[in-house]
Amino acid sequence: MTETKSFLSPSIARVLGIVGAVLAIVGALLPWATFVLNKGPWPDKATLQFFDAPFELTGFRWELLLVGIVAVLCAVIKVPGQRRILRGLGVGIFVIGLVHFIFISAEGGGLGAVTAADGSSAFGSVATLVAGVLLVLSTIGQPLEEVPQWNTKLPLPVAYLGLLVSFGVLLYLVSLTLTAGGQGGAANPYSGPIFLSFLGFGGALIAAAAGLGILKWISRLSEQHRAFSVIVLLLCAFLLPFTDAGTEYWMTVAANIGVYAATAIGLNIVVGLAGLLDLGYVAFLGIGAFVAANLSGAAASSLGIHLPFYLVVIISAAIAGIFGAIVGSPTLRVRGDYLAIVTLAFGEIFQIAARNNIGGLTGGSNAIPNIPPLQWFDGTAYNESISLFGVQLPSGVLYYFLIILLIGAVMAVFANLKNSRMGRAWIAIREDEDAARAMGIKTGKAKILAFLCGAILAGIAGAVFAHKTSTVGYESFLFMESVTLLAAVILGGMGSIPGAVLGASLLFVLPEKLRAFSDYRLLLFGLALILIMRFRPQGLIPDRHRRAELAGEDAEGHALDEGAPPGEEPEQPKPQEVPAR
């Protein structure tokens, strides 16, 4: 840890931190808008006319109060990672204030809506902005403490209980994120700003947990009890429909996320492990989907064949794998940018062939509609609503459950491939293909196998996608879909299983939640991607190889050039004693 001289004395920095934290609480209790806006009053009784119960806080005001209380406790009490926590909380508080300041003033037509107008005053957002600035200032110029290392050698029941509580909180946060601002962004005209404000709240809490070492503790604990963690995560995924996010809208979105997450994990084999840039990967998803559409008894299919779903999945995976091996064969002679052009050409060839209905297998511009839905053993269609444990679940929830199982299976396949001899060969090729060949690795065979395995996983996902959407057309497999999948892999962390799932989730959830911004949502989305890639190029959940390569850190987050952990001096060799004569 490098010592730097602060322009603030520790006592002044402490005072600024306490004042900023208290001011955040005050901001939550103040009104935020001086008058009712054109689209209606600002949510959570923040408009002055509805400010009759300042201590009955809801929504973003309650979230700000909670963050402010945490900030006060951290500013007053000496806790491990104190400055890291205060800085994260300060940034989150500033984001909450900035979002509301901008949107209230824009909707209200000026600064009077967020300050004073016609004898009325509402300084909630201004106080929150100042609070965030003071909290950040209290940490600037001072060395950040090392992230605390908490003991993970716990009795088995205690470790399991800690993981259950941690993943339960994760499920609750996911539900809150999906429902922030309303279901689908349609019920609340201010759903976009409320969602961005919630991101500031969630980011503040995550930053505080990271600064305190809780996230690293959960990561290490789950790694030590990997099998139990995977089971609990799958259970949490199955419990999502029982939360407030268990609506038909979010079940549809979640199922689509699952299909693309499974496809992104397959792409992770090609890009993340083998380091082969594939710009036409979505074609394998399309091949699996069109094969399933033609073999599932769709009325518009020219084949007129109706096979059981499990046979359809196997055939779709096999055909997609064959095309993957064919596309991978040029890797014997080309690499880098040239390989990217080859895969791009394959994606365009597939898209044009599907549009022109070559062989009568794709339906052309008419697509292949009316693909029969899957059916449960008792004849219940997967797109119907069901009752489970006395709870009426929305339609399409069975597809969501099926895709959860699909993701679990794909993750298991990827994990075994990554840790196998072939997986280590792929990583060696990614790092230096010439060196890998010199060490005896058959690079050509390994690269073809990477394309083959990735295409098989995409073909399986395509078969499920065809039945889920009930219509398969070439518009679903354009070049931009390949770019989205590649972005999901890079954003989440190349070579990382949870990273691919998180990347795919963000790339689908954020555009859905930002629909309230209309034409600006893609701009905001792009800026968010730029910021993430600028400040975390290794991805959100990187594997240890990418973390070491791009961030210069080991698995524990320490810099690789550090000789010893902070506070521990490297042991010096003792001088050899020469016996006296």
Side-chain angles (χ1 to χ4, degrees), residues 249 252-253 255-260 262-264 266-267 278-307 309 312-313 315-320 322-324 326-327 341-374 381-383 396 399 403 455 458-488 504 507-508 511-512 515 518-519 521-522:
Y249 172 80
T252 301
V253 174
N256 292 332
I257 290 173
V259 169
Y260 279 90
T263 311
L267 179 59
D278 190 347
L279 297 180
Y281 186 76
V282 76
F284 302 123
L285 178 69
I287 290 172
F290 279 118
V291 170
N294 281 281
L295 299 180
S296 300
S301 172
S302 60
L303 298 182
I305 301 176
H306 189 184
L307 297 178
F309 175 67
V312 171
V313 170
I315 296 174
S316 299
I319 294 178
I322 292 172
F323 277 95
I326 294 173
V327 175
I341 294 174
V342 170
T343 56
L344 173 62
F346 170 72
E348 290 301 306
I349 290 171
F350 169 79
Q351 184 257 127
I352 294 172
R355 182 190 305 171
N356 294 333
N357 194 21
I358 294 180
L361 300 176
T362 63
S365 58
N366 296 324
I368 301 181
N370 301 322
I371 300 173
L374 298 178
Y382 275 46
N383 55 2
Y399 277 116
I403 289 171
I460 296 174
V464 177
F465 175 79
H467 287 87
K468 170 64 182 69
T469 58
S470 75
T471 300
V472 177
Y474 73 91
E475 298 93 344
S476 300
F477 313 107
L478 301 179
F479 170 69
M480 285 306 300
E481 302 300 325
S482 290
V483 174
T484 302
L485 288 171
L486 184 62
L507 290 176
F508 279 86
E512 290 293 330
R515 285 186 180 275
S518 186
D519 296 336
R521 68 189 182 105
L522 292 180

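Any value given below was found using the heavy atoms of this structure, including those in side chains, with hydrogens, waters and symmetry copies removed. For the single chain, residues carry numbers from 1 onward in sequence order.
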Handout entry: Side-chain heavy atoms of Phe477 within contact of Gln351, under 4.5 Å
Key = no
Problem - Non-hydrogen side-chain atoms of Asn294 and Ile305 separated by less than 4.5 Å - result: no
Exercise for the section: Report yes or no: does Thr469 contribute a side-chain atom to a donor-acceptor pair with the main-chain N or O of Thr471 at less than 3.5 Å? Expected result: yes
Practice task
Report yes if some heavy atom in the side chain of Asp278 is under 4.5 Å from a heavy atom in the side chain of Val327; otherwise report no.
Solution key: no
Exercise for the section: Hey, could you give me the OG/CG distance between Ser365 and Asn356, rounded to the nearest 0.5 Å? Expected result: 9.5 Å
Practice task
Compute the ring centroids of His467 and Phe309, then answer whether they are less than 6.0 Å apart.
Solution key: yes
Exercise for the section: Heavy atoms only: give me the nearest Ala293-Ala466 pair and the separation to one decimal. Expected result: N-CB, 4.4 Å
Handout entry: Minimal non-hydrogen separation, Ala320 against Gly459, with atom names
Key = CB-CA, 3.7 Å
Handout entry: Expected output: side-chain Tyr399 to main-chain Leu374 donor-acceptor under 3.5 Å
Key = yes
Problem - Test of ring centre spacing under 6.0 Å for Phe284 and Tyr281 - result: yes
Handout entry: Pairwise distance CG(Leu486) to CD(Glu481) - rounded to 0.5 angstrom
Key = 13.0 Å
Practice task
State, with a plain yes or no, whether a side-chain heavy atom of Phe350 is found less than 4.5 Å away from one of Ile287.
Solution key: yes
Practice task
Identify the heavy atoms of Pro373 and Ala381 that sit nearest to each other, and give their distance.
Solution key: CG-CB, 4.3 Å
Exercise for the section: Report yes if some heavy atom in the side chain of Val282 is under 4.5 Å from a heavy atom in the side chain of Thr484; otherwise report no. Expected result: no
Completion exercise
Rounding to 0.5 Å, atoms CD1 (Ile403) and CG (Asn256) come to a distance of 7.0 Å
Handout entry: Ala504 to Ala488 - nearest heavy-atom pair and separation
Key = N-CB, 3.6 Å
Problem - Heavy-atom donor-acceptor pair, Thr343 side chain to Leu279 backbone, under 3.5 Å - result: yes
Problem - Side-chain donor/acceptor of Asn357 to backbone N/O of Gly363, under 3.5 Å - result: yes
Problem - Residues, nucleotides or ligands: over 12 heavy atoms within 6.0 Å of Phe323 CZ - result: no
Exercise for the section: Taking the side chain as every heavy atom from C-beta outward, state whether Leu267 and Thr263 have any atom pair closer than 4.5 Å. Expected result: no
Completion exercise
Shortest non-hydrogen pair, His306 vs Ser296, comes out as CD2-O, 3.4 Å
Practice task
Measure the acute angle between the ring planes of Tyr260 and Phe465, then classify it against the limits of 30° and 60° as parallel, tilted or perpendicular.
Solution key: perpendicular
Problem - Nearest-0.5 Å distance, CG of residue Leu285 to CD1 of residue Ile460 - result: 12.0 Å
Practice task
Can you see which heavy atom on Ala367 is nearest to which on Gly473, and at what distance?
Solution key: CB-CA, 3.6 Å
